[in-house]
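Each remark here refers to the structure printed beneath this line.
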Amino acid sequence: FPTRRSSDLEWLDGEHWLQTRNGRLLKVHAATGRSQPFIDAKALAKSLSRIPSIDAATADSIASRTSFDMDPGHRGFLFEHNQELYYATFDLSSAVRLTNNPGREQWPKFSPDGKSVAFVRDYDLYAVDLAGPTEHRLTTGGRDDLRHGHADWVYYEEIFNRRWPAFWWGPDSKQIAFMEFDDAGV
């Protein structure tokens with residue numbers, strides 16, 4: 001077994017973890033050390049290329065990654081392309097565009113149940129259901145000096161350990177807590 005720090009591990013379940021080796025993402029059985037490819041990159045690229053806004057070269061590039069922003073159940077992953085969010089499942093059953101609006105979706109986070117994703121766009125907080133996909137605007141009026149779910153530089157630097165997101169899913173996936181930063185008087 002290669003020696004790894006526990007902070008480097010991404011466990012898939014109680015028996016398997018992920019490892020990048022020779023430019024490939026592998027699923028490793030913890031008890032035996034036996035590994036196999038985590039995904040079939042060619043099949044995933046073919047699935048991704050069925051999305052009208054994704055060309056073959058982009059699909060190949062995404063499918064050959066060694067790191068994915070996975071949902072909590074490790075069934076699928078988020079990716080960004082041309083400032084829009086997409087979701088694809090590893091079993092190739094689904095590959096969908098989640099957003100189709102001007103502005104970049106920042107800091108997407110899966111809900112604990114893996115059914116929704118929250119993000120910030122133009123200083124307002126949104127959520128999108130993966131099954132729909134239906135986008136919900138959760139706040140209004142966001143701007144550079146009135147941020148919803150997007151930390152100001154003091155919180156980013158001194159409090160949030162250099163992280164911009166300032167929103168958190170509730171454990172039941174039904175609510176989101178967020179901070180509002182009103183810097184109008186600053």
Side-chain angles (χ1 to χ4, degrees), residues 10-13 18 38-39 44 47-54 58-59 61-63 65 67-184:
E10 179 160 1
W11 286 93
L12 293 173
D13 53 38
L18 293 176
F38 177 62
I39 57 167
L44 180 57
S47 177
L48 294 173
S49 67
R50 288 191 291 249
I51 300 172
S53 55
I54 306 243
T58 300
S61 174
I62 294 166
R65 291 179 179 172
S67 176
F68 294 93
D69 184 4
M70 290 188 248
D71 63 32
H74 300 103
R75 292 178 300 273
F77 66 101
L78 282 176
F79 64 96
E80 182 182 13
H81 174 63
N82 290 338
Q83 295 191 349
E84 299 297 344
L85 285 178
Y86 295 80
Y87 175 77
T89 56
F90 292 117
D91 68 4
L92 312 177
S93 64
S94 176
V96 296
R97 184 176 184 163
L98 297 177
T99 61
N100 192 16
N101 290 292
R104 183 173 174 229
E105 292 79 21
Q106 297 177 295
W107 310 290
K109 290 184 185 181
F110 281 103
S111 59
D113 65 8
K115 295 179 180 179
S116 300
V117 174
F119 58 88
V120 174
R121 181 191 306 124
D122 297 327
Y123 305 111
D124 275 317
L125 190 60
Y126 294 79
V128 61
D129 302 321
L130 298 181
T134 305
E135 185 178 297
H136 308 280
R137 186 177 189 146
L138 305 177
T139 65
T140 60
R143 55 188 190 272
D144 188 39
D145 62 356
L146 182 65
R147 301 169 181 218
H148 301 119
H150 177 126
D152 65 10
W153 72 270
V154 173
Y155 272 76
Y156 163 82
E157 182 74 27
E158 303 296 336
I159 298 171
F160 288 164
N161 197 27
R162 297 182 184 224
R163 293 180 41 98
W164 289 111
F167 64 92
W168 304 267
W169 280 99
D172 64 359
S173 301
K174 294 181 180 179
Q175 297 177 338
I176 298 176
F178 70 95
M179 291 183 69
E180 178 181 84
F181 297 86
D182 186 347
D183 291 342

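Note that these values count all heavy atoms, side chains included, but never hydrogens, waters or copies made by symmetry.
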Problem - Closest non-hydrogen atom pair between Leu92 and Arg50, with its separation - result: O-NH2, 3.8 Å
Problem - Check: Ser173 and Pro112 side chains under 4.5 Å, non-hydrogen atoms - result: yes
Practice task
Determine whether Ile51 and Tyr86 make a side-chain contact, defined as any pair of heavy atoms from C-beta on separated by less than 4.5 Å.
Solution key: yes
Problem - Close side-chain approach of Phe68 to Leu18, heavy-atom, < 4.5 Å - result: no
Exercise for the section: Find the distance between CG (Asp152) and CD (Glu157) and round it off to the nearest 0.5 Å. Expected result: 11.5 Å
Handout entry: Considering all heavy atoms, the nearest Ala95-Leu48 contact
Key = CB-CD2, 4.3 Å
Handout entry: Interatomic spacing from CH2 in Trp153 to CD in Glu158 - rounded to 0.5 Å
Key = 7.0 Å
Handout entry: Over 12 foreign heavy atoms within 6.0 Å of CG, Asp13
Key = yes
Problem - Ile62 and Phe77, any side-chain heavy atoms less than 4.5 Å apart - result: yes
Handout entry: Shortest non-hydrogen separation from Ser111 to Lys115 and the atoms involved
Key = OG-N, 3.3 Å
Problem - All side chain to side chain contact (heavy atoms under 4.5 Å, CB included) counterparts of Thr139, not counting sequence neighbours - result: Asp124, Leu125, His148, Phe178
Fill in the blank from the handout: Which of Glu135, Arg137, Glu84 passes side-chain hydrogen bond (donor to acceptor under 3.5 Å, both in side chains) with Asn101? It is Glu135
Handout entry: Gly73 backbone acceptor or donor facing Asp71 side chain under 3.5 Å
Key = yes
Handout entry: Pairwise distance CZ(Arg97) to CD1(Ile54) - rounded to 0.5 angstrom
Key = 8.5 Å
Exercise for the section: Would you give the length of the straight line joining atom CG of Asp182 to atom CG of Asp145, rounded to the nearest 0.5 angstrom? Expected result: 7.0 Å
Practice task
Compare all side-chain heavy atoms of Glu10 with those of His74 and state whether any distance is below 4.5 angstrom.
Solution key: yes
Practice task
Working to the nearest 0.5 Å, report the span between CG of Leu130 and CG of Leu78.
Solution key: 7.0 Å
Completion exercise
Residue set satisfying side chain to side chain contact (heavy atoms under 4.5 Å, CB included) with Pro133, at least two apart, ordered chain then number -> Leu98, Val128
Fill in the blank from the handout: Closest heavy-atom pair, Asp122 versus Pro102, reported as atoms and distance to 0.1 Å, is OD2-O, 4.3 Å
Exercise for the section: Report the residues that fulfil ring pair (Phe, Tyr, Trp, His ring centres under 6.0 Å) with Phe38, sequence neighbours left out, ordered by chain and then residue number. Expected result: Phe90
Practice task
Work out which heavy atom in Phe79 is nearest to a heavy atom in Ala88; give both atom names and the distance.
Solution key: CE2-CB, 4.3 Å
Fill in the blank from the handout: Closest non-hydrogen contact found for Lys109 with Trp168 is NZ-CD1, 4.5 Å
Fill in the blank from the handout: Only one of Phe167, Trp169, Tyr126 passes ring-ring contact (aromatic ring centres under 6.0 Å, His included) with Phe119, and that residue is Tyr126
Handout entry: By side-chain hydrogen bond (donor to acceptor under 3.5 Å, both in side chains) - contacts of Asp69 (at least two apart)
Key = none
Completion exercise
Sorted by chain and residue number, the side chain to side chain contact (heavy atoms under 4.5 Å, CB included) partners of Tyr123 (sequence neighbours excluded) come out as Asp144, Arg147, His150
Problem - For Ser93, side chain to side chain contact (heavy atoms under 4.5 Å, CB included) partners two or more places apart - result: Thr89, Asp91
Handout entry: Separation between CG of Asn100 and CG of Leu85, rounded to the nearest 0.5 Å
Key = 11.5 Å
